[in-house]
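These notes are about the structure you will find just below.
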Amino acid sequence: MKKILITGANGQLGNALRETLPKVEHVECLFASRSEVNIADRKSLEDVKHSYNPDYVINCAAYTAVDKAETDEKNAFSINADALKLIADTFAEAKIIHFSTDYTYHASEGPPIVEEQTTRPQGIYALSKLDGEKILRVCHTRGLIIRTSWVYHHAGHNFVKTMLRLGSERPSLTIVDDQVGAPTYAMDIASMISIIIEKDLNKPYPIEVWNETYNFSNQAEISWYTFAEAIKAETPGFTADLVPVSTEFYGSPAPRPPYSVLSLEKIKRVFGIEIQTWKSSLLKCLERINQ
Ligand SMILES: NC(=O)c1ccc[n+]([C@@H]2O[C@H](COP(=O)([O-])OP(=O)(O)OC[C@H]3O[C@@H](n4cnc5c(N)ncnc54)[C@H](OP(=O)(O)O)[C@@H]3O)[C@@H](O)[C@H]2O)c1
């Protein structure tokens with residue numbers, strides 16, 4: 001049996017992995033919430049290394065409050081950047097899967113962003129996430145990084161859940177229409193991770209495959225407004241009018257990338273991952289919420 005430690009296990013991605021990973025044969029999992037394993041605390045990591053000694057570490061823990069990070073720089077960097085050194089050092093022999101974000105690219109136009117594209121992070125969250133990637137690259141040789149975008153889950157705090165709540169409460173909702181990207185259902189990320197681990201167990205990937213960065217999202221090129229329209233169309237009782245507005249009008253504290261469509265060719269080619277369309281994944285998520 002191979003052992004997998006999942007940190008940040010009570011977040012969206014952690015919860016999604018709770019469903020998919022136990023179905024992989026020949027693995028056992030330790031799903032650790034923040035109170036069980038604090039990735040910003042060396043002692044906490046060392047304790048779980050000694051008691052569990054995982055073969056794989058999937059780091060779902062992160063500081064994800066993008067706007068709050070603008071005034072909470074120290075914590076954002078501690079969790080999104082500095083903790084990666086602690087994880088890399090503590091689990092020097094393990095294979096690590098880590099998640100990052102489309103915000104590292106901060107592109108303003110297409111074509112879909114390839115992994116080699118120059119990064120131009122803006123805002124504390126984006127800067128801290130890119131720092132974390134760089135630290136992992138320097139401190140570990142088997143750190144697989146997944147950059148993803150617009151993540152939602154049927155049990156998390158996210159755009160879909162917010163739309164469903166406000167859509168029946170408010171007369172109208174202003175939704176940004178000039179940011180284009182791809183929503184990603186956390187269940188699809190979790191299925192993709194399970195496939196990678198399953199394949200690695202059958203025939204271990206060479207170190208060069210692990211020591212790489214891969215984009216992953218659902219297949220899409222839509223605005224938040226289009227996404228909101230689709231949620232509304234599928235939801236009886238969603239009576240709020242949707243009003244398209246610009247990013248500038250909306251006025252979030254942290255900068256948002258205008259163009260966040262990720263090229264998915266690399267992850268498809270290397271791991272044979274099939275990509276789901278944004279619409280089919282949204283429908284699956286809404287079905288789960290309505291169960
Ligand atoms: N959400 C998105 O739209 C999005 C987009 C692109 C990339 N990503 C990346 O995808 C990954 C997963 O995101 P997500 O949506 O699953 O995030 P999430 O739902 O916010 O979950 C993050 C989890 O990390 C935990 N955590 C925070 N600090 C910790 C620490 N010091 N030690 C251990 N756990 C800690 C949080 O616990 P508490 O709840 O106790 O704080 C939370 O359960 C992150 O790396 C994120 O940057 C997310």
Side-chain angles (χ1 to χ4, degrees), residues 2-9 11 13-14 17 21 24 27-32 34 36-64 75-105 115-116 119 121 125-148 189-190 192-201 203-216 266-267 270-271 273:
K2 294 285 182 186
K3 295 183 190 173
I4 309 178
L5 168 68
I6 300 93
T7 58
L13 203 41
L17 284 164
L21 274 183
V24 178
V27 301
E28 62 169 75
C29 301
L30 178 62
F31 289 94
R34 183 207 280 253
E36 288 154 330
V37 175
N38 178 357
I39 64 160
D41 177 5
R42 184 184 292 275
K43 168 94 174 39
S44 179
L45 291 169
E46 282 172 357
D47 284 350
V48 72
K49 156 81 179 159
H50 290 132
S51 62
Y52 194 63
N53 195 20
D55 301 288
Y56 296 85
V57 176
I58 306 181
N59 181 34
C60 299
Y63 186 110
T64 55
N75 277 321
F77 273 89
S78 162
I79 297 166
N80 289 345
D82 304 343
L84 271 300
K85 170 141 179 62
L86 304 182
I87 292 174
D89 288 352
T90 309
F91 303 105
E93 296 94 38
K95 292 173 178 171
I96 297 175
I97 297 180
H98 176 65
F99 298 94
S100 190
T101 164
D102 56 308
Y103 282 32
T104 57
Y105 298 113
E115 288 82 350
E116 294 72 30
T119 48
Y125 170 75
L127 286 160
S128 67
K129 291 297 289 183
L130 185 62
D131 255 25
E133 290 189 19
K134 288 180 177 167
I135 290 169
L136 184 59
R137 257 312 144 255
V138 170
C139 300
H140 205 281
T141 52
R142 279 157 299 165
L144 193 153
I145 297 169
I146 305 283
R147 288 183 180 144
T148 185
I189 304 179
M192 172 270 293
I193 296 296
S194 296
I195 289 170
I196 290 177
I197 289 190
E198 204 163 33
K199 289 189 173 182
D200 192 58
L201 288 173
K203 186 166 182 262
Y205 285 109
I207 196 166
E208 308 84 64
V209 168
W210 275 92
N211 197 23
E212 268 293 344
T213 300
Y214 303 88
N215 291 336
F216 182 81
K266 187 172 173 184
I267 202 159
V270 175
F271 298 110
I273 301 294

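For the pair Ile6 and Leu30, the minimum side-chain heavy-atom distance is 4.5 Å or more. Contact of the Ile97 side chain with the Phe99 side chain is registered, since non-hydrogen atoms from C-beta on lie closer than 4.5 Å. In this structure, His98 and Leu144 have side chains that are not in contact, with every pair of non-hydrogen atoms separated by 4.5 Å or more. Two residues are said to be in side-chain contact when any heavy atoms from C-beta on lie closer than 4.5 Å; Leu130 and Tyr103 fail this criterion. Val270 is listed as a side-chain neighbour of Val209, based on a closest heavy-atom distance under 4.5 Å. Contact check for Leu17 versus Phe31: side-chain heavy atoms found under the 4.5 Å cut-off. Inter-residue side-chain proximity for Ile267 and Met192 is flagged as met; some heavy-atom pair is nearer than 4.5 Å. Asp89 has its side chain within reach of Arg42: a pair of non-hydrogen atoms, C-beta onward, lies under 4.5 Å apart.
Formation of a donor-acceptor pair under 3.5 Å by the Lys266 side chain with backbone atoms of Thr213 is found in this model. Checked by atom type and distance alone, the side chain of Thr148 pairs as donor or acceptor with a backbone atom of Phe216 at under 3.5 Å. Side-chain N or O atoms of Thr90 include none that pairs as donor or acceptor with a backbone N or O of Ile87 at under 3.5 Å.
Between Phe91 and Val48, the shortest heavy-atom distance links the atoms CZ-CG1, 3.8 Å. Considering all non-hydrogen atoms of both residues, Ala88 and Cys139 come closest at CB-CB, 3.6 Å. Nearest heavy atom pair, residue Thr141 against residue Ile207, reads O-CG1, 3.7 Å. In plain terms, the two heavy atoms of Ile79 and Leu84 that are nearest each other are O-CD2, 4.2 Å. Contact between Ala94 and Pro54 at its shortest, heavy atoms only, is CB-O, 3.6 Å. Between Tyr205 and Asp200, the closest heavy-atom pair is N-OD1, 2.8 Å.
Applying side chain to side chain donor-acceptor pair (under 3.5 Å) to Asn211 and the options Arg142, Arg137, His140 leaves one that passes, Arg137.
Side-chain atoms of Ser128 and Asn80 form a donor-acceptor pair, as typed in the model, at a separation below 3.5 Å. Between the side chains of Asn215 and Tyr105, at least one donor N or O lies within less than 3.5 Å of an accepting N or O. For the residue pair Ser100 and Glu133, a side-chain donor N or O sits within less than 3.5 Å of a side-chain acceptor on the partner. For the residue pair Thr7 and Arg34, no side-chain donor N or O sits within less than 3.5 Å of a side-chain acceptor on the partner.
Between Leu13 atom CG and Cys60 atom SG the span is 4.0 Å, to the nearest 0.5 Å. In this structure, CD1 in Ile189 is found 12.0 Å from CD1 in Ile58, a value given to the nearest 0.5 Å. Taking NZ of Lys129 as the reference point, atom CD1 of Ile145 lies at 9.5 Å (rounded to 0.5 Å). For the atom pair CG of Leu5 and CD of Glu36, the computed distance is 10.0 Å after rounding to the nearest 0.5 Å.
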Practice task
List the steps and the verdict of side chain to side chain contact (heavy atoms under 4.5 Å, CB included) for Arg147 and Thr104.
Solution key: CA-CA 9 Å; Arg147 288 183 180 144; Thr104 57; 3.4 Å; yes

Exercise for the section: Apply the test side chain to side chain contact (heavy atoms under 4.5 Å, CB included) to residues Ile195 and Phe271: give CA-CA distance (whole Å), side-chain angles for both, the deciding distance (0.1 Å), then the verdict. Expected result: CA-CA 8 Å; Ile195 289 170; Phe271 298 110; 5.7 Å; no

Exercise for the section: Dump the intermediate steps for side chain to side chain contact (heavy atoms under 4.5 Å, CB included) on Ile197 and Leu21, then the final yes or no. Expected result: CA-CA 9 Å; Ile197 289 190; Leu21 274 183; 4.3 Å; yes

Exercise for the section: List the steps, then state whether side chain to side chain contact (heavy atoms under 4.5 Å, CB included) holds for Glu46 with Leu86. Expected result: CA-CA 9 Å; Glu46 282 172 357; Leu86 304 182; over 6 Å; no

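Cation-pi check for Lys3 over Tyr52 is met; the charged atom lies under 6.0 angstrom from the ring centroid and within 45 degrees of its normal.
Taking the charged nitrogens against the carboxylate oxygens, Lys95 and Asp55 have no contact shorter than 4.0 Å, which rules out a salt bridge.
For Phe77 and Tyr63, the distance between ring centers is not under 6.0 angstrom.
Using bins of under 30°, 30° to 60° and over 60° for the plane-to-plane angle, the ring pair Trp210/Tyr56 lands in the tilted bin.
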